[in-house]
Amino acid sequence: MRHDAIIPVLLACALAGGCAILDDRTRADAELPPAVDDGQMVADYLATLDRLGRGGAAEQAEILEATRTAYLADPSTRNRLRYAFVLAAPGHAATDSVGARRLLGESLATPETLLESERALAELMVRELDVRLALAQEIASLRDQAIAEERDSISSLNRRLQQETAEKDRLRRELEEARKKLEAIATLEGSDRRNP
């Protein structure tokens, strides 16, 4: 084959190969899930928390139930995070720091399933929950200590009261005995005066 004839054949092969590569890439791009806007995802989480914080008891219960139901129906990373954030939020009847901490720990155990900002928000919430849980434990410990000290103080006061009551009873008996002795002496002196 002549050199001039080979060039168009090679060009045709290259063009066909390029089209095939382009076609494969187009198909692969169509199969990829749509790109998720990292900022929009976090904004959605924060909007849910804002609605929860501003809402009344009925709206808070509705938000909690919706996030719980979504999580139970599809325990995906997004639904788990949303439910954990709702449980972690203070100021509503279903606040559950321990449950939220557990769910966030599960999510952070597979960081590859999280967007960068989701991971950052989850880690921030975990740190806040850890502080909150440590404070709750310290408060419980201080309360238990105060109750124990109050019991000890009451017990000590009761012992002291019993001792003082026993001492008062002893003094009353001694006084009664002394009175009887005085009456006996007075009776004897009175009889001595009558019988000189």
[X]-[Y] side chain donor-acceptor pair, cut-off 3.5 Å:
{"X": "E167", "Y": "Q163", "value": "no"}
{"X": "Q40", "Y": "D44", "value": "yes"}
{"X": "R82", "Y": "T67", "value": "no"}
{"X": "E65", "Y": "T69", "value": "yes"}
{"X": "R159", "Y": "S155", "value": "yes"}
{"X": "T110", "Y": "T113", "value": "yes"}

Original post:
Should the pair R127-D130 be classified as a salt bridge under the 4.0 Å nitrogen-to-oxygen rule?
Top reply: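 Answer for the salt bridge query: no.
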Subject >> Ion pair check, E59 and R54, cut-off under 4.0 Å >> reply: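 Looking at E59 and R54, the cut-off is not met.
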Original post:
Under 30°, 30 to 60°, or over 60°: which ring-plane class applies to Y83 and Y71, parallel, tilted or perpendicular?
Top reply: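 Ring orientation of Y83 relative to Y71: parallel.
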Do other residues, nucleotides or ligands put more than 12 heavy atoms under 6.0 Å from [X] [atom1]?
{"X": "E176", "atom1": "CD", "answer": "yes"}
{"X": "Q137", "atom1": "CD", "answer": "no"}
{"X": "R132", "atom1": "CZ", "answer": "yes"}

Subject >> Worked verdict on L87 versus L64 for side chain to side chain contact (heavy atoms under 4.5 Å, CB included) >> reply: CA-CA 8 Å; L87 289 178; L64 174 73; 3.9 Å; yes
